[in-house]
Amino acid sequence: MVSSPAVPELPEVETVRRSLAPHVVGRRVERVEARRIKLRRGIDPRPWRARVLGATLERIGRRGKYLLLEFDRATVVIHLGMSGRLQLARPGREHDPHTHLVLGFGRGVELRFVDPRRFGAAFIVAPGTTDRVPELAALGPDPMQEDVAPALRDAAARSRAPIRSLLLDQHVVAGLGNIYANEALARAGIHPLRRAETIAPRRVARLAAEIRAVLENALIAGGTTLADGGFADAEGASGYFAVQLAVYGREGEPCPRCGSVIRRVVAGNRSAFFCPRCQR
DNA sequence: AAGCCAACCTGGACGC
DNA sequence: TGCGTCCAGGTTGGCT
């Protein structure tokens, strides 16, 4: 039984994007509160006030796990890291102690970026330049926005690394974390530590399709909620039903397809879960 | 030079 | 009850 909170991967970030948008798009930032806290990059309060105060939010985009708050005069790029959350709250209500950034939108709505483990990031770029921002430009295709099969096939053909490493590499495919990488491999019948270049192209194509399918399922479910319900959307709802995970966190349990005992091995500092019979 | 691995960080689970 | 220890993972950077 896994009990740690779910880390935001693509479906969780997309769920945040969708739940946030109706409350803040079209609104103007009337107050900015930025703490000089060392996230993946430090947040310097001054440019936040200078560039975001008074700006109107036109839309919220997403690339992989990055959220893009597109204002008329700046774009705010946010990565939730492992424990980051964006909360909508009434101004004045009690703050989580790990609040790093607050954007006050008037009409009694404020957006708070909370991230206890501080693996997240928030930074400002010039509007319309996101494809030139190094972090974003280097991302591989987003499985919910385009077909990742060609990129995945090319990367796999050229790599001796375990296939799961490729799936976790955001430069190959953007948006997967350890949970959905493991799940997609289970659905495709591919062992997570199988050397990428040894997988037949048609099986890689199948994997690309299963990536899409597993992400869509999760999106429908509104993001994965593990045992203790760690993930909540922007409005703080936590009533999601958990996506049925086939292998992740199920070491020792029977494979839902064949009944074999699901195994866990640690590789690349991360747990890989798989059915030894279904996945080769 | 690709691929591996430690480091970053803290809440929660677990054991005694 | 409480304290200590361990573990989780996204991303980067250093090492081989």
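Below, read A as the first sequence line, B as the second, and so on, with proteins coming before strands; counting in each chain starts at 1. The basis for the numbers below is simple: all heavy atoms, side chains too, and nothing from hydrogens, waters or symmetry mates.
- A:P97 comes within contact range of no nucleotide atom at all, as no heavy-atom separation falls under 4.0 Å.
- Side-chain contact, A:E12 with A:Y180: a donor N or O sits under 3.5 Å from an acceptor N or O.
- Within the 4.0 Å cut-off from OP1 or OP2 of C:dG9, not a single side-chain nitrogen or oxygen of A:Y180 is found.
- At a cut-off of 3.5 angstrom, counting only N and O atoms as typed in the model, there is a donor on one side and an acceptor on the other between the side-chain of A:N269 and the base of B:dA6.
- Side-chain contact between A:T99 and A:L101 is absent, with no heavy-atom pair separated by less than 4.5 Å.
- The residue A:S159 sits close only to the backbone: its heavy atoms come under 4.0 Å of sugar-phosphate atoms, none of a base.
- Within the 4.0 Å cut-off from OP1 or OP2 of B:dG3, not a single side-chain nitrogen or oxygen of A:R158 is found.
- An OP1 or OP2 oxygen of B:dG11 is reached within less than 4.0 angstrom by a side-chain nitrogen or oxygen of A:H98.
- Taking 3.5 Å as the limit, the base of B:dA2 and the side chain of A:R160 contain no donor-acceptor pair of atoms between them.
- In this model, a donor atom of one side chain and an acceptor atom of the other lie less than 3.5 Å apart for A:D169 and A:H171.
- Between the side chain of A:R270 and the base of C:dG10, at least one donor-acceptor pair of N or O atoms lies under 3.5 Å.
- The nucleotide whose nearest atom lies closest to any side-chain atom of A:R117 is, among C:dG10, B:dT10, C:dT12, B:dT10.
- Distance check, rounded to the nearest 0.5 Å: CG of A:L139 to CG of A:D131 gives 11.5 Å.
- Not one side-chain nitrogen or oxygen of A:S83 sits closer than 4.0 Å to the OP1 or OP2 atom of B:dG11.
- Within 4.0 Å (heavy atoms only), A:R264 reaches sugar-phosphate atoms of the nucleic acid but no base atom.
- A sub-4.0 Å separation between OP1 or OP2 of C:dG10 and a side-chain N or O of A:H79 is absent.
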